[in-house]
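A, B, ... follow the sequence lines: proteins, then strands. Residue 1 opens every chain.
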Amino acid sequence: MKVLSVDDSAMIRKIIRGAVEVLDGDLLEASDGIEALELLEEEYRSIDLILLDWNMPRLDGMEVLKKLKADSRFRAIPVMMVTTESERSNIVKAIQHGAVHYLVKPFTIQELVKRIMESLGKGGYKND
Amino acid sequence: MTSMDIEKIADYFTDSLRQVLRTMAGFEVSNTSCDQLDFSDKESNIIGIMVLHGKKDAVISLSMEYSTAAMVIAYMTGILPEELSESDLFDGVAELVNIMAGEVKARLSNTPYHFLLTSPFSIGGTSLKVARKKNLTEACRHLKAGEMDITFRIAYI
């Protein structure tokens, strides 16, 4: 299992790394949306899940999500938002644009692991 | 804004911070008001800051000693405090401010105090002192867990 974490906080990426390692997975990291899209150009075939922050410099998470879902190469990769944006309207917007899960910070490591597993399950449509 | 309003808003922020620390670090912290904060007796500090854009703009800050930041971030990440770099601490304190503010943003979304988040940042060093203009509408809270002290401030500008 390979997960891409896109978050401008190194601390959050370290927490996510811990959760992914619990699941015996590998983590790729990007600190903003532009870096994530550049990384995906090379790696998209091997990535099983993207964990995406909302508020980031250069290109925010919602714009990244729209770009992912508009690109046939990336569209099938499940995306879980991991963000401080907890307003209902934002959650609805993200789900409407194709996010499979929405995890609001703060979260426990157990909650994060559970949501990653659920998101990977929902990613079953990847090869449909 | 009345002094009662800002005290209530300060409580929202500290409630949020307590929840962040409980959920992500496993700490229970107590919360008290504070009159003045004097950094001069502290060896070194990190201050995480965010500007809030709303009908009235505000600045929030979280300040703590390096050792407190290291302990909190170690519990949050599962990495030993001595293995954390200074940049890890700066990033972690800024992210604490971000998470705390995110919860309060949602809570105040349908009130006159609704605000937008901006990018948080941290400053740090020894014997830091913060000078403020007089007569700001501001509030302060002190959070404690054992030897750890964290100070939250909000000022409407």
Side-chain angles (χ1 to χ4, degrees), chain A residues 5-23 25 27 29-35 51-63 81-94 102-116, chain B residues 12-13 15-27 46 48 50 52-53 69-70 72-81 83-111 114-122:
Chain A
S5 168
V6 189
D7 199 303
D8 59 343
S9 167
M11 180 182 77
I12 295 297
R13 298 198 307 270
K14 285 179 200 295
I15 293 170
I16 289 171
R17 177 172 293 282
V20 170
E21 283 174 0
V22 164
L23 296 167
L27 187 76
E29 300 182 26
S31 60
D32 63 43
I34 299 284
E35 207 180 306
L51 305 186
L52 187 59
D53 187 17
W54 191 306
N55 295 308
M56 294 181 290
R58 298 207 292 171
L59 189 66
D60 70 38
M62 182 47 61
E63 290 306 311
M81 301 300 292
V82 182
T83 173
T84 57
E85 290 288 349
S86 57
E87 285 164 79
R88 191 181 173 82
S89 57
N90 286 336
I91 298 172
V92 170
K93 192 174 168 188
Y102 197 104
L103 181 60
V104 175
K105 303 171 189 173
F107 49 77
T108 63
I109 192 83
Q110 293 86 348
E111 201 174 0
L112 177 59
V113 168
K114 185 172 171 241
R115 293 297 186 89
I116 289 173
Chain B
Y12 287 167
F13 277 98
D15 286 350
S16 171
L17 181 60
R18 292 176 72 186
Q19 190 195 336
V20 175
L21 293 173
R22 187 184 307 123
T23 307
M24 298 188 82
F27 291 156
I46 296 182
M50 181 185 275
L52 308 179
H53 282 311
V72 170
I73 293 155
Y75 273 95
M76 290 175 84
T77 58
I79 297 169
L80 293 171
E83 289 175 9
L84 293 167
S85 66
E86 188 177 49
S87 101
D88 288 332
L89 303 187
F90 276 54
D91 173 82
V93 172
E95 186 61 16
L96 273 180
V97 173
N98 188 41
I99 301 173
M100 170 181 71
E103 198 272 332
V104 180
K105 174 179 179 262
R107 200 164 173 179
L108 295 177
S109 65
N110 292 314
T111 76
H114 177 60
F115 60 81
L116 298 175
L117 303 176
T118 64
S119 190
F121 60 97
S122 295

Flag, side chain of B/Asp15 to backbone of B/Tyr12, donor-acceptor distance under 3.5 Å: no

Of B/Glu95, B/Arg107, B/Glu103, the largest count of non-hydrogen pairs under 4.5 angstrom with chain A goes to B/Glu95

Practice item. Give a yes or no answer on whether the side chain of A/Asp8 reaches the backbone of A/Met56 with a donor-acceptor pair at less than 3.5 Å. Key: no

Okay, B/Ile79 and chain A: the region with an atom under 4.5 Å from a heavy atom over there is side chain

So, the part of B/Asn98 with a heavy atom under 4.5 Å from chain A: the answer is both

Next on the checklist: Whether A/Asp7 and A/Lys105 form a salt bridge (side-chain N of Lys/Arg under 4.0 Å from carboxylate O of Asp/Glu) is what I want to check.
Outcome noted: yes

Ranked by heavy-atom pairs below 4.5 Å to chain B, first place among A/Glu87, A/Glu111, A/Arg17, A/Arg88 goes to A/Glu87

Okay, B/Leu117 and chain A: the region with an atom under 4.5 Å from a heavy atom over there is side chain

Across all chains, not counting sequence neighbours, the side chain to side chain donor-acceptor pair (under 3.5 Å) partners of B/Thr23 are none

With sequence neighbours left out, the residues meeting side-chain contact (heavy atoms from CB on, under 4.5 Å) with B/Tyr75 are B/Ala25, B/Phe27, B/Met71

